[in-house]
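So you know, we letter chains A, B, ... as the sequences are listed, proteins then strands, and number each from 1.
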Protein chains: 2
Amino acid sequence: MNQTTMGKPVKEALTNDDGVDFALIELFFFAYRDFTSDPDAILTEYGFGRAHHRVLHFVNRRPGLTVAELLDVLRITKQSLARVLKQLIDTGHVIQVQGPRDRRQRELYPTNKGRALAMALAVPQSRRIRAALREAQPADRAMIERFLKAMVNPELRTQVDKLPSRAEAPAGEGKENDRG
Amino acid sequence: MNQTTMGKPVKEALTNDDGVDFALIELFFFAYRDFTSDPDAILTEYGFGRAHHRVLHFVNRRPGLTVAELLDVLRITKQSLARVLKQLIDTGHVIQVQGPRDRRQRELYPTNKGRALAMALAVPQSRRIRAALREAQPADRAMIERFLKAMVNPELRTQVDKLPSRAEAPAGEGKENDRG
DNA sequence: AATTTATGTCAGCCATATTGACATAAATTT
DNA sequence: AAATTTATGTCAATATGGCTGACATAAATT
């Protein structure tokens with residue numbers, strides 16, 4: 001383990017010539033970092049973090065999802081979720097409703113307050129995307145969507161598809177909401 | 001704060017119709033999550049985390065950068081960097097060299113071992129990108145690059161540009177390794 | 001000689017995640 | 001009806017990766 005045998009400094013930089021697409025790797029890193037910076041700033045004012053953002057987001061995108069479903073989407077443990085969810089409930093952003101079919105389940109819904117915050121967090125992100133598309137090439141939004149989707153693990157793409165794209169004909173009281 | 005006045009559950013899902021590009025927001029989230037999953041798995045074997053990855057990555061991309069420069073790129077505090085950097089040094093992935101001009105500075109270089117690990121971490125990410133480009137539309141790689149760059153805060157785009165894309169004509173002692 | 005700069009280190013704090021164990025209520029199976 | 005499984009909640013301990021503040025050292029600059 002001495003400097004002579006193996007600890008010699010490598011002075012040449014890794015570049016795209018090394019068969020690896022470092023340009024896109026780094027752009028993805030920087031892009032995501034700044035993508036999350038706008039909501040982060042807002043969340044700080046509320047004493048919330050990214051964990052709260054994710055919960056609030058999916059509760060707003062799929063109102064009525066159960067705790068188990070939320071855990072599945074977020075891929076965290078229930079103990080991790082507990083604290084964050086409790087805070088969102090205590091602050092009146094999310095409420096729990098006892099499941100109608102199965103009374104053990106807790107359906108999670110945003111309140112108006114929670115809906116407002118979710119929108120406030122999403123707007124700057126959407127604006128950033130819109131601006132980037134304009135700067136890049138407005139026509140090919142679909143292409144970027146395909147690219148990003150292809151970056152997702154095939155097994156997990158179902159998750160993406162489960163989220164509503166367009167407002168559905170409201171299902172009314174009787175019928176179920178069939179997103180499946 | 002009672003259920004009657006403000007705590008009523010909002011039952012309608014937020015959709016793309018609400019003027020916000022939820023589709024791309026979520027795709028970006030899922031794409032980044034899976035993008036980091038491959039290296040995460042490798043890092044775990046070494047007892048390292050994402051923090052180590054980032055340090056190792058930039059030390060390999062800009063060998064010889066100083067501690068201050070690294071802190072600037074990563075945007076963390078020196079106390080945060082300290083533990084991670086120490087581990088990378090102790091395990092022989094990175095070595096410090098006293099700055100030639102300014103002997104207070106510590107230039108950071110990867111060792112061969114550190115170079116190898118950096119490559120091992122980058123390869124699956126690059127492969128994922130390549131596959132996604134193939135699935136999307138191979139021609140328009142440049143477009144996606146423009147899009148991602150436009151997602152980065154303008155002030156910070158200089159950071160992106162500071163990284164080497166192609167191997168440069170080596171400046172130093174005798175002949176360097178030119179893979180070009 | 002005094003000050004500033006680059007780095008390191010100590011100590012403590014916070015947020016977010018983890019695992020394991022156990023509790024409760026409701027649904028399901030036997 | 002009793003036993004089991006399921007959905008959720010909670011307690012405790014632990015790890016990681018950030019943070020701030022304070023202080024130390026050596027080297028460069030003024």
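For B:R104 against C:dT5, a side-chain-to-base donor-acceptor contact under 3.5 Å is present. At a cut-off of 3.5 angstrom, the base of D:dG21 holds at least one donor-acceptor pair with the side chain of B:Q79.
The side chain of A:V67 lies closest to D:dT8 when the candidates are C:dA27, D:dT8, C:dA6.
Both distances falling under 3.5 Å, in either a Watson-Crick or a G-U wobble arrangement, place D:dA24 opposite C:dT7. The nucleotide D:dT30 finds its pairing partner in C:dA1, both defining distances of the Watson-Crick or G-U wobble pair being shorter than 3.5 Å.
Taking atom CG on A:L81 and atom P on C:dA15, their separation rounds to 17 Å, with Å as the unit. In this structure, CZ of B:F48 is placed 15 Å from C1' of D:dG17, rounded to the nearest angstrom. For A:I76 and D:dT16, the CD1 to P distance is 19 Å, given to the nearest whole Å. A:H52 has its NE2 atom 9 Å from the C1' atom of C:dA15, to the nearest Å. One interatomic measurement links the two molecules: CG of B:L108 to P of C:dA6, which rounds to 14 Å at whole-angstrom precision. One interatomic measurement links the two molecules: CG of B:L65 to C1' of C:dA6, which rounds to 14 Å at whole-angstrom precision. Rounded to an integer number of Å, the gap from A:Q105 CD to C:dT28 P is 10 Å. Distance, A:L71 CG to C:dT19 P: 12 Å, rounded to whole Å.
Here A:R83 lies in heavy-atom contact (under 4.0 Å) with a base.
For C:dG8, one of the phosphate oxygens OP1 or OP2 lies less than 4.0 angstrom from a side-chain nitrogen or oxygen of B:Q96. In this model, the phosphate group of D:dT6 is not approached by any side-chain N or O of A:R103 to a distance below 4.0 Å at OP1 or OP2. For C:dT16, the OP1/OP2 oxygens have no side-chain nitrogen or oxygen of A:S80 closer than 4.0 Å.
Taken to the nearest 0.5 Å, the CZ atom of A:R33 stands 11.5 Å off from the CG atom of A:D40.
Mapped onto DNA chain C by nearest heavy atom, A:K78 and B:R106 fall at different nucleotides, with B:R106 at the one closer to the 5' end. Between A:R54 and A:Q98, the residue anchored closer to the 5' end of DNA chain C is A:R54, taking for each the nucleotide with the nearest heavy atom.
When atom types are taken as modelled, the side chain of A:Q125 and the backbone of A:F35 share a donor-acceptor pair closer than 3.5 angstrom.
B:H52 is listed as a side-chain neighbour of B:L88, based on a closest heavy-atom distance under 4.5 Å. Residues A:H93 and A:P110 form no side-chain contact, since every pair of their non-hydrogen atoms from C-beta on lies 4.5 Å or further apart.
Under the 4.5 Å side-chain heavy-atom criterion for grouping Ile, Leu, Val, Met, Phe, Trp and Tyr, A:V97 is not connected to B:V10 through any hydrophobic cluster.
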